[in-house]
Amino acid sequence: MSYMVNEALAMMSKGEKYQEVIRDAVAVLDGEPDIVARMATVVSLLDQAFDSWFWTGFYVVDKVKKTAGIDELVVGPYNGTLGCLRIAFGRGVCGAAAATGQTQVVPDVHAFADHIACDSRSNSEIVVPVFDASGDLIAVFDSDSESFGTYDEEDAENLEKLMKAVFA
């Protein structure tokens, strides 16, 4: 999508933007085995497509801590302001997605009882669990917006489709 001008992006519907991102991600990442490169590319494409998102990135399952019986996420590739470095499973929106394996769409983060405020500008958030080909949780994808109600079921469905296409 980097070849597209901002005016063309502005004219697209949300669904059309997701179709472009998914198509471009699958094409660019064909044959690329490195997970960091895959995550960085997804972040770049989504960040370019959706200008209302001020934080876009991944929190990765810490494999070392997992072998010690500790379920924790560590910040991975992202674009935006400084993110939280580590998040325990079950804590905040990211931890809830990791613990349940379910996408979390939060139209108002201030109404989410255990929200972790890494950036005070965040008013809505979506977090999508990311699974590998064997169905194991490898990360969560997280995006924040300054606006309330930025994310909805259309975002959830398309982001789940993207994560499956790129990582499963």
Side-chain angles (χ1 to χ4, degrees), residues 13-15 17-18 21-22 25 35-36 38-132 134-168:
S13 70
K14 186 182 342 186
K17 288 179 185 181
Y18 277 117
V21 168
I22 293 167
I35 194 164
V36 173
R38 296 177 86 73
M39 289 180 178
T41 300
V42 167
V43 168
S44 176
L45 290 169
L46 287 168
D47 189 61
Q48 290 177 54
F50 298 99
D51 59 358
S52 64
W53 302 6
F54 78 85
W55 201 96
T56 306
F58 289 89
Y59 284 94
V60 181
V61 174
D62 186 322
K63 292 178 186 174
V64 173
K65 288 205 172 181
K66 185 133 186 96
T67 60
I70 300 167
D71 289 328
E72 189 173 71
L73 300 166
V74 61
V75 72
Y78 72 94
N79 190 31
T81 57
L82 186 64
C84 298
L85 294 181
R86 295 189 169 269
I87 300 172
F89 279 36
R91 177 119 196 282
V93 183
C94 289
T100 65
Q102 300 294 313
T103 296
Q104 306 290 308
V105 178
V106 184
D108 178 357
V109 297
H110 308 290
F112 192 91
D114 193 30
H115 178 253
I116 302 169
C118 297
D119 188 313
S120 62
R121 295 177 301 152
S122 180
N123 285 312
S124 63
E125 183 172 7
I126 189 167
V127 181
V128 179
V130 180
F131 302 98
D132 65 14
S134 63
D136 292 328
L137 181 73
I138 57 172
V140 298
F141 170 80
D142 180 25
S143 182
D144 291 73
S145 173
E146 291 181 70
S147 301
F148 290 95
T150 297
Y151 311 99
D152 57 23
E153 285 307 309
E154 183 177 12
D155 295 290
E157 290 172 16
N158 281 292
L159 287 170
E160 288 169 359
K161 184 178 178 182
L162 173 62
M163 297 308 143
K164 185 175 182 180
V166 173
F167 299 102

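These numbers come from a predicted model, not from an experiment.
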(message) Is any side-chain heavy atom of Ser44 closer than 4.5 Å to one of Asn79?
(response) no
(request) Quick one: do Tyr59 and Cys84 satisfy side-chain contact (heavy atoms from CB on, under 4.5 Å)? Show the steps, please. (result) CA-CA 9 Å; Tyr59 284 94; Cys84 298; 3.7 Å; yes
(request) Quick one: list whatever passes side chain to side chain donor-acceptor pair (under 3.5 Å) with Asp155, sequence neighbours left out. (result) Lys14, Tyr18
(request) Dump the intermediate steps for side-chain contact (heavy atoms from CB on, under 4.5 Å) on Leu159 and Leu46, then the final yes or no. (result) CA-CA 10 Å; Leu159 287 170; Leu46 287 168; 3.8 Å; yes
(request) Grab the two heavy atoms, one from Asn123 and one from Glu146, that are nearest each other, plus how far apart they are. (result) ND2-O, 2.6 Å
(request) Please list, chain by chain and in numerical order, all residues satisfying salt bridge (charged side-chain N to carboxylate O under 4.0 Å, His left out) with Asp132, sequence neighbours excluded. (result) none
(request) For Tyr151, enumerate each residue passing the side chain to side chain donor-acceptor pair (under 3.5 Å) test, keeping only those at least two apart in sequence or located in another chain. (result) Ser143
(request) Compare every heavy atom of Trp55 with every heavy atom of Gly57, then report the nearest pair and how far apart it is. (result) N-CZ3, 3.3 Å
Donor-acceptor contacts under 3.5 Å from residues 92-108 side chains, at least two apart:
| from | atom 1 | to | atom 2 | distance (Å) |
| --- | --- | --- | --- | --- |
| Thr100 | OG1 | Ala96 | O | 2.8 |
| Thr100 | OG1 | Gln102 | N | 3.1 |
| Thr103 | OG1 | Glu160 | OE2 | 2.5 |
| Gln104 | NE2 | Gln102 | O | 3.1 |
| Asp108 | OD1 | His110 | N | 2.9 |

(request) Calculate, to the nearest 0.5 Å, the distance between atoms CG and CG belonging to Leu137 and Asp71 respectively. (result) 9.0 Å
(request) Report yes if the distance between the aromatic ring centroids of Phe58 and Phe167 is under 6.0 Å, otherwise no. (result) yes
(request) Report the distance from atom CD1 of Ile116 to atom CG of Asp114, rounding to the nearest 0.5 Å. (result) 6.0 Å
(request) Evaluate the side-chain proximity of Thr56 to Phe141: yes if any heavy-atom separation is below 4.5 Å, no if none is. (result) yes
(message) The criterion is side chain to side chain donor-acceptor pair (under 3.5 Å); which residues satisfy it with Ser52, sequence neighbours excluded?
(response) none
(request) Identify the two heavy atoms, one from Val140 and one from Leu73, that lie closest to each other, and give their separation to 0.1 Å. (result) CG2-CD1, 3.9 Å
(message) The criterion is side chain to side chain donor-acceptor pair (under 3.5 Å); which residues satisfy it with Ser124, sequence neighbours excluded?
(response) Thr150
(message) Using only atom types and a distance under 3.5 Å, with no angle test, would you say the side chain of Arg38 pairs donor to acceptor with the backbone of Val166?
(response) yes
(message) As an exercise, state the distance from CZ of Phe89 to CG of Asp62, rounded to the nearest 0.5 Å.
(response) 9.5 Å
(request) Looking only at non-hydrogen atoms, find the nearest pair between Ser122 and Asp144 and report the distance. (result) OG-OD2, 2.7 Å
(request) Report the C-alpha distance between Met39 and Val60 in whole Å, list the side-chain angles of each, state the deciding distance to 0.1 Å, and finish with yes or no for side-chain contact (heavy atoms from CB on, under 4.5 Å). (result) CA-CA 10 Å; Met39 289 180 178; Val60 181; 3.9 Å; yes
(request) Keeping the roles fixed (side chain from Glu72, backbone from Arg86), state whether a donor-acceptor pair exists under 3.5 Å. (result) no
(message) To the nearest 0.5 Å, what is the distance between CG on Asn158 and CD on Glu153?
(response) 11.0 Å
